[in-house]
Amino acid sequence: MPVPRLPRDGVGGAAMTSAIRRFGLAPLSFLGTPPDDVVRIAAGAGFDFVGLRVIPVTAQEPDFSLLPGTRRLRQAQAALADTGLPVADIEFLALDGTVDRGTWLPVLEAGGILGASSLTVAGCDPDRERLADTLMELSGDCREHGIRLSLEPISYQPVHSIPEAAALAAGAQCDWLPDSLHIHRFGGTAAQLAEHAANVPMLQLCDGPAEAPADHEGLVVESRSRRLVPGAGDFDLASLVQALPEDTDLSAEVPDPRRRQHLGDRTWAGLLLDGLKAVDALARAHVG
């Protein structure tokens with residue numbers, strides 16, 4: 001069952017005490033795995049919630065579509081009912097100037113069926129005015145489906161900074177979603193995160209080396225398949241956690257197909273949850 005949430009005041013950087021925090025599993029950590037299996041893996045490992053990819057983002061990934069009427073959606077519903085695990089977020093829309101209501105309305109319908117809280121998108125449109133209009137329209141449709149829109153700044157996309165994402169989200173009356181990998185790769189800071197902590201529903205965590213890939217292709221490859229377990233790299237993850245309200249959800253987004261295959265799904269999922277909890281404990285221990 002979902003873990004109850006504590007009220008927020010919308011201000012980041014508060015002292016961390018004993019507030020309840022939920023730990024979740026992001027779908028990119030198990031890209032290529034059927035969604036119903038992801039649900040059961042997450043539940044078996046002890047996660048509090050799961051994220052699901054409703055439509056494929058690239059032509060290279062398997063099409064495990066969860067759109068209304070599909071067998072996969074029914075299977076995911078059955079897994080959620082069996083485990084009692086809630087869906088926090090669904091993904092992923094790349095708002096590149098071509099995506100419109102014909103694309104996102106079925107996604108939102110599926111999200112409503114799954115009981116999702118939010119839909120994650122990326123700002124891939126270099127036309128900032130058009131992107132702002134798209135976000136506003138999509139945000140309104142999200143609200144009609146009982147879902148919050150979350151804009152994720154990504155290091156190799158047009159929207160690639162904390163202030164940009166926060167400003168666009170404020171204009172569209174939606175949330176924005178920080179990811180520790182992209183924060184480090186586009187030069188974001190914990191201070192920026194604390195300054196723009198309002199309307200952050202969740203922090204996606206992974207680790208990585210201090211040195212960034214040399215080019216755009218390297219950033220994409222790292223993002224999709226070469227992330228490290230929280231606590232296994234050079235990122236100062238505890239400072240990011242400290243910058244947000246103490247009940248902000250933490251989600252493990254750690255795609256590393258080779259290591260996952262070597263360890264097995266159950267062990268990999270458990271390792272990710274342990275990493276989230278260790279970062280949370282470190283953040284709490286170093287406050288004040």
Side-chain angles (χ1 to χ4, degrees), residues 8 10 12 26-28 51-58 66-68 87-183 185-188 192-204 219-220 223 244-245 248-249 251 253:
R8 293 185 181 179
L28 197 59
L52 293 177
R53 181 159 285 195
V54 173
I55 56 174
V57 176
T58 70
L66 296 180
L67 294 179
V87 177
D89 55 311
I90 55 171
E91 59 176 49
F92 191 85
L93 292 178
L95 303 183
D96 60 1
T98 67
V99 175
D100 58 20
R101 300 183 84 225
T103 301
W104 69 59
L105 287 179
V107 171
L108 292 175
E109 183 180 350
I113 293 171
L114 293 166
S117 301
S118 68
L119 165 66
T120 304
V121 301
C124 305
D125 189 346
D127 185 326
R128 191 54 54 88
E129 184 176 351
R130 181 173 60 192
L131 175 60
D133 290 342
T134 301
L135 285 168
M136 180 69 76
E137 184 179 19
L138 174 53
S139 181
D141 284 342
C142 283
R143 287 192 292 271
E144 290 186 6
H145 287 78
I147 293 173
R148 290 284 294 180
L149 178 63
S150 288
L151 172 64
E152 179 180 356
I154 293 178
S155 55
Y156 48 84
Q157 296 293 354
V159 179
H160 56 264
S161 78
I162 290 174
E164 287 177 298
L168 281 165
Q173 301 178 41
C174 70
D175 296 333
W176 72 277
L177 178 64
D179 178 303
S180 61
L181 176 68
H182 296 301
I183 287 175
R185 294 305 180 230
F186 58 56
Q192 285 181 329
L193 184 56
E195 181 182 356
H196 299 285
N199 299 323
V200 171
M202 177 171 64
L203 172 62
Q204 291 183 326
L219 288 170
V220 174
S223 176
L244 295 170
T248 302
D249 289 343
S251 179
E253 184 166 81

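The shown structure was predicted, so the numbers you read here are calculated from the model rather than taken from an experiment.
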Show your working on side-chain contact (heavy atoms from CB on, under 4.5 Å) between Leu105 and His145 and close with a plain yes or no.
CA-CA 9 Å; Leu105 287 179; His145 287 78; 4.2 Å; yes
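Exactly one of Thr120, Leu244, Asp249, Asp175 qualifies for a side chain to side chain contact (heavy atoms under 4.5 Å, CB included) with Met202. That residue is Asp249.
Across every non-hydrogen atom of Val200 and Pro178, the tightest pair is CG1-CD, 3.5 Å. Taking every heavy atom of both residues into account, Trp176 and Ala198 meet most closely at NE1-O, 3.7 Å. Heavy-atom minimum distance, Cys142 versus Leu149: SG-CB, 3.9 Å. Closest heavy-atom contact between Leu131 and Gly123: CD2-CA, 3.9 Å. Nearest heavy-atom pair, Pro245 versus Ala197, reported as atom, atom and distance to 0.1 Å: CD-CB, 4.4 Å. Scanning all heavy atoms of the two residues, the minimum distance from Pro126 to Pro158 falls at N-CG, 4.0 Å.
Taking 4.5 Å as the limit, some side-chain heavy atom of Leu168 sits within range of a side-chain heavy atom of Arg128. Residues Leu181 and Ser223 are in side-chain contact: their nearest non-hydrogen atoms beyond the backbone lie under 4.5 Å apart. Pro201 has its side chain out of reach of Ser117: every pair of non-hydrogen atoms, C-beta onward, lies at least 4.5 Å apart.
Separation of atoms CH2 (Trp104) and OG1 (Thr134) is listed at 5.5 Å; rounding is to 0.5 Å. Summarising the geometry, atom CD1 belonging to Ile183 is positioned 11.0 Å from atom OG belonging to Ser161; distances are rounded to the nearest 0.5 Å. Rounded to the nearest 0.5 angstrom, Leu108 CG and Ile113 CD1 are separated by 11.5 Å. With rounding to the nearest 0.5 angstrom, the CZ atom of Arg148 is 14.5 Å from the CG atom of Asp89. Note that the CD1 atom of Ile55 and the CG atom of Leu67 stand 6.5 Å from one another [nearest 0.5 Å]. The distance from atom CG of Leu219 to atom CZ of Arg185, rounded to the nearest 0.5 Å, is 7.5 Å.
Note on residues 115-125: pairs passing salt bridge (Lys or Arg N to Asp or Glu O under 4.0 Å), not counting sequence neighbours, are Asp125-Arg130. Residue pairs meeting the ring pair (Phe, Tyr, Trp, His ring centres under 6.0 Å) criterion with at least one member in residues 146-174, sequence neighbours excluded: Tyr156-His182, Tyr156-His216.
Of the possible donor and acceptor atoms, one in the side chain of Ser139 sits under 3.5 Å from a partner among the backbone N and O of Ala172.
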Considering only distance and modelled atom types, tabulate donor-acceptor pairs under 3.5 Å from the side chains of residues 90-99, sequence neighbours left out.
| from | atom 1 | to | atom 2 | distance (Å) |
| --- | --- | --- | --- | --- |
| Glu91 | OE2 | Arg53 | NE | 2.9 |
| Glu91 | OE2 | Arg53 | NH2 | 2.7 |
| Asp96 | OD1 | Thr98 | N | 2.9 |
| Asp96 | OD1 | Thr98 | OG1 | 2.7 |
| Asp96 | OD2 | Thr98 | OG1 | 3.4 |

